[in-house]
J.: 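Structure incoming, see below.
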Amino acid sequence: MRKVMVAVIALFLVTVTGLTACSDSDKKAEIQPSQSASPASEAPESNSAAPVTWDSPNLSWKQDTSPVKYSMYIDFDWYSVDTWGKDDVSKEITKRTGVSLDVTKASDLNQLQVLLATGNLPDFIFTSNQVQRFWDPKKIWPWNELMDKYAPEFRQLLDPIEIANNTAPDGNFYTLKTHYSNDDQWADPRNLPSVGDPGLAVRQDILEAIGNPQINSLEDLLEVLRTVHKKYPDMIVYLPSKDISNPIMDILGFNNSNPYLDEQGNVKVNISNPNFLEYLKFMNTLYREGMLDPESFTYDTDQFYQIAGEGNVFMASYSTMVADLLNTRLKDNKKDGWFVPINDHSITYNGKDQMNLTEAGTGWASLFINKNIKDPERAIRFVEFLKSPEGDALTQWGIEGLHYTMGDDGLLDFNNDYLKDKPVTETGIGAWYFQGSSFGETLPMVSRAADAPDQSQFLNVLKFRKTKIVRDPALSFVKPPSDTDEFNISTRLQDLFNNESVKIILSKSEDEVVSKYNELMNNANKIGLERLNTYMTEKYKEAKVKYESLKK
Amino acid sequence: MNTALKIFKKQAFYQILVLFGVLYLFIFNYIPMFGLIIAFKDYSPTQGVIGFFTSDWVGLKWIKEFYNEIYFWRIIRNTVIVSVLNLVFMFPIPIFFAILLNELKSAKFKKIVQTVSYLPHFISWVVVSGLIFVFLNVQNGLVNDFLVWSGITKDPVSFISDPKYYWWMVILSNIWKSMGWGAIIFLAAIAGIDQTLYEAAVMDGASRIQRIIYVTLPSIKSTIVIILILSLGSLFNGNFEQALLLGNSVNNSVSEILDTFTLKMGLAQGRFSYATAIGLFQSIISVALIYSSNYVVKRLTGMGLL
């Protein structure tokens with residue numbers, strides 16, 4: 001999902017031009033309303049009289065900025081940079097902190113597991129895969145220990161909820177996940193959900209040609225698709241992308257990988273959702289009526305864009321930016337047509353809005369510090385810098401004055417004269433986000449969108465999604481740890497979902513859909529569906545108690 | 001003993017050469033076999049190499065789990081079918097091709113054909129799968145455009161996604177990629193045949209086909225048997241890259257093989273014990289297949305690997 005998100009952001013940044021510049025450099029405090037969080041309850045007492053803030057002059061990371069070099073493993077084969085010290089931002093980080101990194105980017109996503117097994121871990125590890133395996137005080141430094149020893153004020157600057165989100169069963173926290181927003185940050189209107197969320201777009205010009213019918217329900221949508229198919233028989237009516245959760249699932253209240261919270265407060269695997277069958281039936285109808293080509297389930301992202309950009313697709317689904325990205329593609333290919341998103345408003349099914357966007361919202365990737373690191377003191381202090389509003393702004397927006405200035409409206413004004421045609425490998429903007437916040441990530445997009453509204457339809461989708469999202473951090477504790485039976489069940493159920501969904505959609509009749517679905521559920525039960533659902537619900541309820549006590 | 005030493009001394013240079021080969025086998029093929037132990041243990045990568053010894057014994061838990069996989073029989077079936085199809089088509093075709101090339105009169109044309117035919121061997125499967133997409137996709141694939149334009153089919157054919165075309169796609173792409181390369185060794189063997197045999201055959205009134213059957217084929221029989229036995233050695237490998245790149249969520253009922261399953265459900269999840277158990281299972285079947293095939297070949301030709 002993150003890979004998709006970064007890819008779409010990169011594409012978007014390339015397409016948007018014409019930014020104007022203005023200056024006001026004193027607004028940093030305003031745009032980070034709540035980074036100065038209350039101290040964690042477990043944090044040691046500070047001896048200083050004045051309350052410590054991110055602006056305090058004696059923060060640990062500021063005390064020693066002599067040169068130090070660490071090795072860093074980035075566990076993402078799609079990552080945009082792999083060399084430290086070649087771009088503006090990494091040079092600036094070294095200038096301010098003294099830290100430089102010897103970066104290794106994953107060439108294979110299985111590599112890290114092997115490094116872990118052989119014990120050859122680098123100083124820092126940045127990953128989102130199987131992170132529970134790193135919750136081991138013999139191999140990885142617990143941050144709480146490092147903070148208490150080398151940066152006591154760091155813990156006081158953190159939101160206790162964020163610490164709770166990242167606390168392992170042994171009571172330590174080994175990381176603070178990136179792209180997290182606390183409640184105050186989330187409330188900021190400039191902070192939006194991930195652009196990698198599902199997006200559904202249709203051709204507005206075709207819609208107008210058939211009388212501009214409203215699409216407020218899946219039933220409306222089906223009728224529109226049928227009309228288009230009848231009137232334009234050579235057109236590809238619907239082109240889904242396999243690389244992102246299907247927005248029809250989203251409308252029906254579940255997604256392709258995460259569990260969902262039902263109305264009774266139980267956490268369940270996606271295939272347990274009764275609407276899963278409705279999704280299969282809906283997609284099967286499209287297939288049987290010739291509106292959905294089976295081959296579309298095999299296209300990778302490049303192939304998806306290549307076909308969708310030829311101007312012969314009526315509806316396409318990918319990320320929230322699908323309409324904007326396809327419009328750019330059509331323009332580049334000199335094809336007529338204009339895509340508009342349709343999941344920027346409520347779409348009902350059976351007369352009811354069934355969307356269920358209850359999510360953990362606790363962040364994404366983890367940064368781990370190897371227990372064998374040669375200078376753990378400077379390491380945790382480096383993390384403190386990265387986590388600070390200053391570090392967040394530097395890594396995600398660039399160098400103030402050179403790359404951007406802060407506008408009076410709280411948006412960023414990018415220095416387009418300087419940035420024009422410069423790749424991320426030269427600027428380093430948005431690349432070294434090892435402790436970046438989600439607010440820091442979305443602000444550049446929101447800022448750029450203000451100057452290019454016709455290429456920013458995705459903002460309407462994100463704003464709508466934000467109204468529907470319910471944040472429930474207890475959900476981040478339901479995932480079974482690696483090497484447990486529940487983890488194996490979860491893996492096998494996901495494989496079942498991936499393997500069978502497409503086959504059921506390609507059934508020859510609705511009866512066949514139902515019988516294949518029943519067979520799938522039988523197999524799921526044999527694998528241990530109920531056991532996993534019970535496990536997740538129990539873990540969720542335990543975590544819920546923990547959060548309730550934190551609130552008190 | 002003295003005689004053995006004498007013989008060894010006499011052959012010292014060759015023995016040392018063999019020793020390197022044996023050492024290579026020992027280091028890279030025998031020592032890693034020790035790792036098979038984790039197929040019977042509850043090993044986690046966090047335990048490091050020491051975990052090979054310290055992790056708990058779980059007996060046949062992982063083999064049983066694999067056997068109980070919903071797709072167990074399907075994966076076994078696919079692996080066997082792809083392997084057998086590869087053997088059946090990929091073994092004789094280079095021989096036929098080499099003989100055909102040998103029969104060409106124009107040396108220049110022969111060279112061109114030979115070069116063109118073995119070049120695909122150097123193209124990686126990643127590129128080949130991209131080419132297959134460009135040629136065969138439904139929306140704008142060249143083959144489908146031609147089929148519809150010429151009226152051979154009314155609608156484009158889902159070559160890439162329809163499971164019923166998968167094995168054809170695998171075999172044909174494999175033939176295209178490997179035929180020319182595979183033929184080189186047979187061409188070399190044919191080149192070594194004594195020309196007087198052909199002359200004698202012509203004198204005896206043998207037709208072209210008869211010369212192929214009674215001179216060429218018997219003369220290269222030993223090469224054919226060696227290549228066959230070598231092919232049997234890798235019979236159960238199933239061609240992992242091909243399955244990974246040409247397989248997709250629509251055709252995985254026929255494209256999922258043991259290797260892709262091991263990668264997906266074992267290694268990618270860091271479940272090394274499980275992956276090892278499946279690998280061990282695959283090896284056992286491979287050994288059984290090699291022995292049985294070797295027996296058949298031995299019965300048929302009198303020559304065998306073992």
Side-chain angles (χ1 to χ4, degrees), chain A residues 108-110 112-120 129-130 132-136 138-140 236 239 242 290 293-300 302-303 306-308 310 312-313 481-485 487-488 490-492 494-496 498-503 505-506 519-520 522-524 526-527, chain B residues 35 38 42-52 55 61-62 65-66 68-71 74 129-130 133-134 136-141 144 148 155-163 245-253 255-256 261-275:
Chain A
D108 177 340
L109 294 180
N110 302 319
L112 185 59
Q113 303 295 332
V114 179
L115 288 179
L116 187 63
T118 55
N120 290 324
N129 188 28
Q130 313 259 332
Q132 297 103 320
R133 289 217 166 104
F134 293 85
W135 296 350
D136 179 355
K138 286 182 203 145
K139 297 205 166 204
I140 299 293
I236 300 167
L239 184 72
K242 72 176 170 61
D293 190 318
E295 203 170 276
S296 52
F297 293 107
T298 70
Y299 298 153
D300 62 26
D302 287 342
Q303 292 162 344
Q306 184 200 327
I307 288 164
E310 284 173 7
N312 196 34
V313 171
S482 313
D483 310 316
T484 59
D485 287 345
F487 173 79
N488 296 344
S490 159
T491 308
R492 292 172 71 190
Q494 187 62 49
D495 189 47
L496 188 74
N498 296 342
N499 275 331
E500 298 305 315
S501 298
V502 175
K503 276 184 210 80
I505 288 168
L506 303 182
E519 193 186 325
L520 178 145
N522 275 340
N523 284 331
K526 273 185 212 159
I527 290 171
Chain B
I38 63 169
D42 198 2
Y43 173 76
S44 158
T46 53
Q47 296 164 336
V49 178
I50 197 84
F52 279 37
S55 51
K61 177 181 172 183
W62 303 119
E65 181 166 331
F66 177 53
N68 289 325
E69 284 286 350
I70 289 160
Y71 302 120
R74 197 169 85 181
S129 67
F133 177 79
V134 171
L136 299 182
N137 82 73
V138 167
Q139 304 304 342
N140 53 15
N144 270 317
V148 175
D155 295 313
V157 183
S158 303
F159 293 112
I160 293 171
S161 59
D162 195 330
L245 293 161
L246 299 180
N248 55 54
S249 59
V250 190
N251 69 14
N252 69 4
S253 58
S255 64
E256 185 94 282
F261 185 77
T262 308
L263 177 78
K264 191 170 68 175
M265 298 299 283
L267 298 178
Q269 307 293 334
R271 297 173 68 195
F272 289 177
S273 282
Y274 190 46

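Order of the sequence lines fixes the chain letters, A, B, ..., with proteins taken first and strands second; residue numbering starts at 1 for each chain.
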J.: Within the structure provided, determine whether B:Thr46 and A:Phe134 are in side-chain contact (heavy-atom separation under 4.5 Å).
T.: no

J.: Measuring from B:Gln139:CD to A:Ile236:CD1, what's the distance to the nearest 0.5 Å?
T.: 3.5 Å

J.: Please look at A:Leu116 and chain B and tell me whether the side chain, the backbone, both or neither of the residue comes under 4.5 angstrom of a heavy atom of that chain.
T.: both

J.: Give, for atom CD of B:Gln269 and atom CZ of A:Arg492, the distance between the pair rounded to the nearest 0.5 Å.
T.: 12.5 Å

J.: Check B:Gly270 against A:Asp483 and note the closest heavy-atom contact, atom names and distance.
T.: O-OD1, 4.5 Å

J.: Is chain B contacted by the side chain of A:Asn312, its backbone, both, or neither, given a heavy-atom distance below 4.5 Å?
T.: neither

J.: Check whether A:Glu295 gets within reach of chain B through its side chain, its backbone, both or neither, counting any heavy atom under 4.5 Å.
T.: both

J.: At a heavy-atom separation under 4.5 Å, does A:Gln494 approach chain B through its side chain, its backbone, both, or neither?
T.: neither

J.: With only heavy atoms counted, which part of A:Asp485 is less than 4.5 Å from chain B, the side chain, the backbone, both or neither?
T.: side chain

J.: Given a strict heavy-atom distance threshold of 4.5 Å, which part of A:Asp293 is in contact with chain B: side chain, backbone, both, or neither?
T.: side chain

J.: Non-hydrogen atoms of chain B under 4.5 Å away: do they reach the side chain of A:Ser482, the backbone, both or neither?
T.: neither

J.: Sort B:Phe52 into side chain, backbone, both or neither according to what part of it lies under 4.5 angstrom from a heavy atom of chain A.
T.: neither

J.: Walk me through it: do B:Asn68 and A:Lys526 pass the test side chain to side chain donor-acceptor pair (under 3.5 Å)?
T.: CA-CA 10 Å; B:Asn68 289 325; A:Lys526 273 185 212 159; over 6 Å; no

J.: Under 4.5 Å heavy-atom distance to chain B, tell me which part of A:Leu496 shows up: side chain, backbone, both or neither.
T.: both

J.: Please report the closest heavy-atom contact between B:Ser44 and A:Arg133, naming both atoms and the distance.
T.: OG-NE, 4.0 Å

J.: Could you check which of A:Asn523, A:Leu115, A:Asn498, A:Asp136 has the highest count of heavy-atom pairs closer than 4.5 Å to chain B?
T.: A:Asn523

J.: B:Pro45, B:Pro156, B:Ser161: which one forms the most heavy-atom pairs within less than 4.5 Å of chain A?
T.: B:Pro45

J.: Please report the closest heavy-atom contact between A:Val502 and B:Ser249, naming both atoms and the distance.
T.: CG2-OG, 3.7 Å

J.: Please report the closest heavy-atom contact between B:Phe272 and A:Ala117, naming both atoms and the distance.
T.: CE1-CB, 4.0 Å

J.: Between B:Asn248, B:Ile70, B:Val49, B:Asp155, which shows the greatest number of heavy-atom pairs under 4.5 Å with chain A?
T.: B:Ile70

J.: With a 4.5 angstrom heavy-atom cut-off, which part of B:Ser273 approaches chain A: side chain, backbone, both or neither?
T.: neither

J.: Return the CG to CD distance between B:Asn252 and A:Glu500, rounded to the nearest 0.5 Å.
T.: 7.5 Å

J.: With heavy-atom distances below 4.5 Å as the criterion, would you say the side chains of B:Leu267 and A:Gln113 are in contact?
T.: no

J.: B:Tyr274 versus A:Asn488: any side-chain heavy-atom pair under 4.5 Å?
T.: no

J.: Quick check for you: among B:Leu263, B:Val250, B:Asp162, which has the greatest number of heavy-atom pairs under 4.5 Å with chain A?
T.: B:Val250

J.: For the atom pair CG (B:Asn251) and NZ (A:Lys503), what is the distance rounded to the nearest 0.5 Å?
T.: 8.5 Å

J.: In sequence, state the C-alpha distance, the side-chain angles, and the governing distance for A:Gln303 and B:Asn137, and then conclude on side-chain contact (heavy atoms from CB on, under 4.5 Å).
T.: CA-CA 10 Å; A:Gln303 292 162 344; B:Asn137 82 73; over 6 Å; no

